[in-house]
Structure formats: structure tokens, C-alpha cells
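The next block holds one structure in the form of C-alpha cells; read it before the comments.
Reminder, nothing fancy here: chain letters follow the sequence lines and each chain counts from 1.
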Protein chains: 2
Amino acid sequence: MEKKRKTGRPSRIQSVERALTLLEVLAQEDGEMTLTSLSQKVGWPKSTVHGLLATLRDFHYVDQSAETGCYKLGIRLFELGNQLSRSWDILDAAHPVMLRLCRELGETVQLGTEDDGEILYLEKLAPNSVVSILSEVGNRLPMHCSGLGKVLLAQKSPGELKSYISRGGLPALTKRTITTQAKLEKELARVREQGYAMDDGEITEGLRCVAVPIWDGTGSVRYAVSVSGQIPNMGGERLERIIRELQQAAEEISYAMGSRRKRMQT
Amino acid sequence: MEKKRKTGRPSRIQSVERALTLLEVLAQEDGEMTLTSLSQKVGWPKSTVHGLLATLRDFHYVDQSAETGCYKLGIRLFELGNQLSRSWDILDAAHPVMLRLCRELGETVQLGTEDDGEILYLEKLAPNSVVSILSEVGNRLPMHCSGLGKVLLAQKSPGELKSYISRGGLPALTKRTITTQAKLEKELARVREQGYAMDDGEITEGLRCVAVPIWDGTGSVRYAVSVSGQIPNMGGERLERIIRELQQAAEEISYAMGSRRKRMQT
DNA sequence: AGCACAATTCGGTATTGCCGAACACATATC
DNA sequence: GATATGTGTTCGGCAATACCGAATTGTGCT
């Protein structure tokens, strides 16, 4: 009553905000949580949380363990997430090409895009799937340290780059991560010149990654593909071959995207 | 004021119910929708729908097109869905084995489980990914017509089977679909005897699928794997080989699941 | 310009969801 | 076996909250 609401944005629905916040907390904890622990985590009364959870449960957005009564993320999120990803043309276009690349090179192949100032991994194909690479589909990483990110950053104007840096800074994930604007600008210039980007242990020590842009029909770059592996497997002759095949793959994907453009919504 | 609430279940939060209903509608339409069309679809005033959508948008559960202002499912669903699937042990255990199977046989390999009386597809590996098979990851199909479903149905007691039938009936997807209880019981007996199930064009004309159960440590069956392909490629000698390899794969997955059991939550 | 149709804002009303306390139930603990 | 802590769940009354209709702004089309 005294003040207007803090955020200038009008009319958000409290109970929906709270319900979604509960989902965020459950996602963050990444496992089962008791109603009570959720309740004290967010600081709302148990009964309030209970009502919200019951509603989410009815829609299968959360799942309640039959024995323990604990709550976790529900199956509907899996279904909706998959449905959403199926609606993206880029996956249709990129998947067969990535599959071939993964087999021929025997290394991990990834596809990413920029979302909200970060790299979002859309697809990952691993040859043996035993190797553990930090990035997973649906995960996010800063742009300035990943190969995919550098490719997309390299497309930006100086102003956009500056706003990226001022937004999240240049946090270091390893000692090799680029952390100054000057070095990043130099790196991006090289990316533009070479036509590909490299992450040399800047996310995870010992892991190297090369990435190239995917051009769409309008001449802009919204996606990038990459190949990553242990540094010993990613050098010399072999590296050159990888880059060559990667660039060819990107061209194929770009082409496939173009031919997929003839779709309209119903 | 007049009546109590229709459903006996207590205290569901209306605005959360409405917000989630909007997501369901957006998922069903599978594309962009205008606020107005959403509004009249659900029958609530525009301003009400607007508030709900604004809240969902803030959390990236819906996305609003910059140009058209239309709404669609948001990226957070993709992220949460993938995070959820990563928490399932079965995928870790099954994926490498499925990958090998897919390569060796050159056919589509799928993994499914029962959820809410239907088969839910958890993973799908296609050799060329050009072939279009009806089922997709995150999709659902009736149990009585799919190979995966028959495997899981075959584990049920007569009472459970009856309740399955009375719940959803035995709808026919093709002219070959089993639609009578007697035939289904006979079919399931054969499944138990043979150790595998077959779908012979019962979902899609011309498509055959063989499936086997995955046993967990406790001796129960919660998942099943299958191989599907065009009927000409799935007969005679080759079929026998497929079944043999499939059964071996299922054993490996079962074993891997067991060894993964030594995990506790933090 | 003017129209038609989009999304968005506004403010008053009473419906709605919030809250604290009491409940039921299970599992340890003594 | 009774006690103590831990769950999730229910209840009812108060008032804050979300709903609604109408008015507003914005955009594309004729």
C-alpha cells in the first residue's frame, strides 16, 4: 500500500511466481527434497508450499515419491522439453551431419547457440559417452571461454561485445581462461580471420575444442558447431583435418537450414 | 459460494492451475499463439491471461516473439527437461549399449518405460535419422500396440491388465492392432514364453518392432529396449540375429544398472 | 488519415490464496 | 511400549491478491 512495487514491471501473479520458484529450487538442488526443507529454503509456510506443490503435482511438473513423500521435478518437463526441441529446425538440419562427424573423427561434437548472454548447448554427440565433458545438453557456459561462444562473440559489434563484458564480466574457469578485454578482442580478431575458434583448456584443463559458425540464409550467425577432445588428440595434422571436416559440416548444415526455410505455421 | 469444489481434492491454487493450463495449450498447439487466441481458447479475459503469461515469460517458461508478440513454449522447459533426463540412471546405463546396437544393426533403437498407463519413450537412436518413425523421445503411445508396451504389460497380473484395459480401452492405430482382451492375453502369454515382444505394423503400417525387458536388481521390469525397422528388413535370419543381440544388450544394461546402484543422495 | 487488430495498463471488488495451528502418520529413540 | 522428532496434510478465518471489464497504447494494413 505504501510504495509502488519495487520492479517497475506490472502485474506478475504471486502464486505463479512462487510455484515457478519452487521448480527452480528443485532444479538447483537436483534431487529429491522434502516439503519442509523446501519450505524453509524459500521462507514460506509449509501449508503455502504444500498447496503450490499439490497443483504442480497434478500437472506432473513435480513428482512425489510414493515412499518418502519427497518432491522432485516431474515428467512433464521432460515431455515439454523434448517437444520444444523437436520444433527447432536447426536440430533436424544439424543432427545427421553431426552424427557423421562424430563417427569419422571419434570425438565429441556439440551444437550451441547464444541465449541470454550465455552459450546454451543444444545437442551433444559423444563417441563413447564414457568421456565426461563439462557441458551437457541444456547446460549453459560463459561465452568467452568456450569455442562455440567465441565464434558467436566474434560476430558482435564492439559495442555489443562491451555490453557482454560489462554484464557478466570475464570469469575464469581455469588458469587459461581469457580474463581481459584486450586479450579477448585480439582473440576474436583471430577468430574472424581464421574462420574458426579454439578453446584450449579454458573451460576444463586438458580439454581442447574447435568451433565454427553456421551461417543462415540472411547472412547472420545464430548457431555454431564444435569438436572437442583431449589435447593430445587435437593437434598437428589431426587438428587440421578436424577443422577441415568441421567447416565442411557447417556448410552442409547451413545449406540444410536454408532448404528447410520453406515452412510456415498453420 | 454455492457449492463446494467439484473435485474432492483440496486446495489447488487457481492461478497456478491456470498458468500450467496455458502451457498445456501452447504445447498442444505446437507453435506460436497470440494472446487473444489463447484467451478465447481457455475462455478467460485477456488481461488475466496476460498477467499469467507475463509471469511465465519472466521465468522463460514461455517466449514472446519480439516482432509478432506471439507466445510459445520457452527455453527453460528445454533446460529443465534435459536436466531431469540426466538424473535418470537408466539413460547412463543404456546409452552406450544402445549406440552399439544401433550401429551394428543399422536400425532404430528405442528405450521406453511405463508412465501413467502409457509407454513413454525415453531415448531413441536412429541410424540415419531420415527415417520417420511415429514415436519420438518424450512422446507417448498406448501399451497394447507397441513392442515396448507389450513387454511391460506381460509383467502385469491379470488384475492389473484388466484395469489397464478398462482405463483406456484397446484403441486401434492400424488394422493390425490388437483390439480384444482375449487376443491380447494370448499375445502376452506368448511374450512371456518367448522372452520378447513384437509389434507387427500395429502402430504404423509396414513397421515392425521387437522389444525385450530390462530386469533390475530386484527382479522387476521397469524399462524395455526395442529395435524397429521396415518389415522387409526385419524377418527370417536377420530377425533372429536382431533378437539375439537385443537380448544380450538388455542383459548388459541390466548389469550396468545394478552396478550403478551404489549411489546415495548427498 | 483512418481502421482493425494486436498487446498492455488500470483500479475497484470480492474471490482467492495465504497463513498458523492442529492433524495424522511414520520412524526412530529411549 | 511410550515418547519424541520427523514427515506430509488439513482446516478456517482474514485480508491481501488476483481477477475482470473497460480504457489505453501500439502496429500494420488499406
Show every donor-acceptor pair shorter than 3.5 Å between a side-chain atom in residues 15-22 of chain A and any protein atom, with sequence neighbours excluded, or say none if there are none.
| from | atom 1 | to | atom 2 | distance (Å) |
| --- | --- | --- | --- | --- |
| S15(A) | OG | S15(B) | OG | 2.4 |
| T21(A) | OG1 | E17(A) | O | 2.7 |

Inset, instruction - Determine: side-chain N/O of R57(B) to OP1/OP2 of dT8(C), distance under 4.0 Å, yes or no. - result: yes

Inset, instruction - Applying side-chain contact (heavy atoms from CB on, under 4.5 Å), name anything that partners Q40(A), two or more places apart in sequence or on another chain. - result: T36(A)

Legend entry - Side-chain heavy-atom pair Y223(B), E123(B) within 4.5 angstrom cut-off: no

Inset, instruction - To the nearest Å, give me how far apart CE (M33(A)) and P (dT7(D)) are. - result: 11 Å

Inset, instruction - Return no unless some side-chain N or O of Y71(A) is found under 4.0 Å from OP1 or OP2 of dT9(D). - result: yes

Legend entry - I253(B) side chain reached by I90(B) side chain, heavy atoms, under 4.5 Å: yes

Legend entry - Comparing Q14(A) and C70(A) on DNA chain D - which has the more 5′ nearest nucleotide: C70(A)

Inset, instruction - Figure out the CG/P separation between L22(A) and dG8(D), and round it to whole Å. - result: 13 Å

Legend entry - Separation of dC19(C) P from Q40(A) CD (nearest whole Å): 16 Å

Inset, instruction - Among the candidates dG8(D), dG17(C), dA6(C), find the nucleotide nearest to the side-chain atoms of T34(A). - result: dG8(D)

Inset, instruction - Using a 4.5 Å cut-off on heavy atoms from C-beta on, say whether the side chain of L26(B) contacts that of Y61(B). - result: no

Legend entry - D30(A)/R86(B) ion pair, N-O < 4.0 Å: no

Would you be so kind as to tabulate the donor-acceptor pairs closer than 3.5 Å made by side chains of residues 69-78 of chain A, with sequence neighbours excluded?
| from | atom 1 | to | atom 2 | distance (Å) |
| --- | --- | --- | --- | --- |
| Y71(A) | OH | Q64(A) | NE2 | 3.0 |
| R76(A) | NH1 | E24(B) | OE1 | 2.3 |
| R76(A) | NH1 | E24(B) | OE2 | 3.0 |

Legend entry - Residues in side-chain contact (heavy atoms from CB on, under 4.5 Å) contact with Q28(B), at least two apart in sequence or another chain: none

List, with names and distances, any nitrogen or oxygen atoms from the protein found under 3.5 Å away from nitrogen or oxygen atoms belonging to nucleotides 22-30 of chain D.
none

Legend entry - Separation between the C1' atoms of dG12(C) and dT16(C), rounded to whole Å: 16 Å

Inset, instruction - Answer yes or no: does a side-chain N or O of T48(A) lie under 4.0 Å from OP1 or OP2 of dC18(C)? - result: no

Inset, instruction - Please determine if a side-chain N or O atom of R18(B) lies less than 4.0 Å away from the OP1 or OP2 oxygen of dG17(C). - result: no

Legend entry - Same-atom distance (C1') from dA24(C) to dG13(D), integer angstrom: 23 Å

Legend entry - Any T36(B) side-chain N or O less than 4.0 Å from OP1/OP2 of dA7(C): yes

Inset, instruction - Specify the separation, in whole Å, of atom CG of L52(A) and atom C1' of dT17(D). - result: 14 Å

Legend entry - Side-chain donor-acceptor pair present, N82(B), E136(A), cut-off under 3.5 Å: no

Inset, instruction - In whole angstrom, give the distance that lies between atom NZ of K72(A) and atom C1' of dG8(D). - result: 17 Å

Inset, instruction - Verify whether one side chain among Q181(A) and E185(A) offers a donor that lies under 3.5 Å from an acceptor in the other. - result: yes

Inset, instruction - Report yes if a side-chain nitrogen or oxygen of H50(B) is closer than 4.0 Å to either non-bridging phosphate oxygen (OP1 or OP2) of dA7(C); otherwise report no. - result: no

Inset, instruction - Find the distance L35(A):CG to dC19(C):C1' and express it as a whole number of Å. - result: 14 Å

Legend entry - Same-atom distance (P) from dA4(D) to dG8(D), integer angstrom: 22 Å

Inset, instruction - Take the C1' atoms of the five end pairs on each side of the helix from dA1(C)-dT30(D) to dA14(C)-dT17(D), get both axes, and report the angle to 10 degrees. - result: 10°

Inset, instruction - Rounded to the nearest angstrom, tell me the gap between atom CD in Q64(A) and atom P in dA26(C). - result: 14 Å

Legend entry - Spacing between I13(B) atom CD1 and dT9(D) atom P, to the nearest angstrom: 13 Å

